[in-house]
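Notes to accompany the following structure.
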Amino acid sequence: GLDMSQKPMSANEWEDLVRNFCKEVTRSVTRKRGDVGHIAKLLGLKQQSISDMRSGRITGSVVVNIRLFFHKAGIPDHEAKRFLEHPQLMIQNLESPSPLDKLVFELKNLYSENELAAWFKLLISKRVVEKDLGIEVKARMKRVKST
């Protein structure tokens with residue numbers, strides 16, 4: 001039978017989810033006292049508009065929301081400009097990650113960046129040693145036969 005989670009969302013469901021998403025992003029950049037004023041000034045909007053976005057009464061324009069995403073990500077205007085001028089940079093990063101990227105993401109949750117860097121360095125020096133000795137020690141993932 002059809003898995004219910006596979007069912008495409010209705011326009012209304014999308015509307016609600018996107019509104020809520022934008023509301024949460026706005027809230028996340030206006031947690032501290034004075035943040036609403038700071039963000040309003042940054043965006044050239046009235047504080048009331050930011051408060052309305054925080055409460056979900058209004059969503060704010062596409063431009064405002066994209067600016068808030070970049071702000072939240074800590075990406076300064078000059079870098080944001082680079083992304084916006086070259087959408088392909090961003091679009092390429094939206095593709096499903098490769099199995100290796102998924103593993104690196106998983107590892108980042110398990111080990112500190114320092115530990116991870118040390119393991120990667122170890123892998124690199126393993127290859128250097130092998131080349132010097134003219135040997136190769138292989139590690140392989142078992143291929144699982146697909147049925």
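Note that the structure is a prediction, hence the values are computed from the model and not measured.
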Arg67 to Leu42 - nearest heavy-atom pair and separation: NH2-O, 3.2 Å
Backbone of Gln47 reached by a side-chain donor or acceptor of Ser51 within 3.5 Å: yes
Inter-residue atom distance Lys23.NZ - Ser28.OG, 0.5 Å rounding: 13.0 Å
Side chain Arg19, main chain Trp14, donor-acceptor under 3.5 Å: no
Heavy-atom closest pair, residues Val104 and Leu116: O-CD2, 4.4 Å
Heavy-atom donor-acceptor pair, Asn20 side chain to Asp16 backbone, under 3.5 Å: no
Any side-chain heavy-atom pair of Val25 and Cys22 under 4.5 Å: no
Distance-minimising heavy-atom pair for Leu84 and Pro87: O-CD, 3.8 Å
Donor-acceptor contact present, side-chain Glu13 to main-chain Ser10, <3.5 Å: yes
Heavy-atom pair of closest approach, residues Ile75 and Ala80: CG2-N, 3.6 Å
Student check: side-chain heavy atoms of Val29 and Asp35 closer than 4.5 Å: no
pair Leu17-Phe21: side-chain heavy atoms closer than 4.5 Å: no
Distance-only polar pair, side chains of Thr30 and Arg54, donor-acceptor under 3.5 Å: yes
Atom pair CG/NE2 of Asn65 and His71 - distance to nearest 0.5 Å: 13.5 Å
Student check: side-chain heavy atoms of Thr59 and Val18 closer than 4.5 Å: no
Verdict with reasoning, Glu24 to Arg27, per side chain to side chain contact (heavy atoms under 4.5 Å, CB included): CA-CA 5 Å; Glu24 289 306 323; Arg27 281 184 174 175; 3.6 Å; yes
Co-membership, hydrophobic cluster, residues Leu110 and Leu123, 4.5 Å side-chain: yes
Co-membership, hydrophobic cluster, residues Val129 and Ile135, 4.5 Å side-chain: yes
Rounded distance (nearest 0.5 Å) linking atom CG of Leu43 with atom CD1 of Ile39: 6.0 Å
Contact check, side chains of His86 and Lys81, non-hydrogen atoms, under 4.5 Å: no
Cationic N near anionic O, under 4.0 Å, Lys126 to Glu130: yes
Spacing of CD1 belonging to Ile91 relative to CZ belonging to Phe83, to within rounding of 0.5 Å: 12.0 Å
From Tyr111 atom OH to Glu106 atom CD, the distance as rounded to the nearest 0.5 Å: 11.0 Å
Test item: Glu85 side-chain N/O and Arg82 main-chain N/O as donor-acceptor pair under 3.5 Å: no
Euclidean distance, Met53 CE relative to Ile58 CD1, rounded to 0.5 Å: 6.5 Å
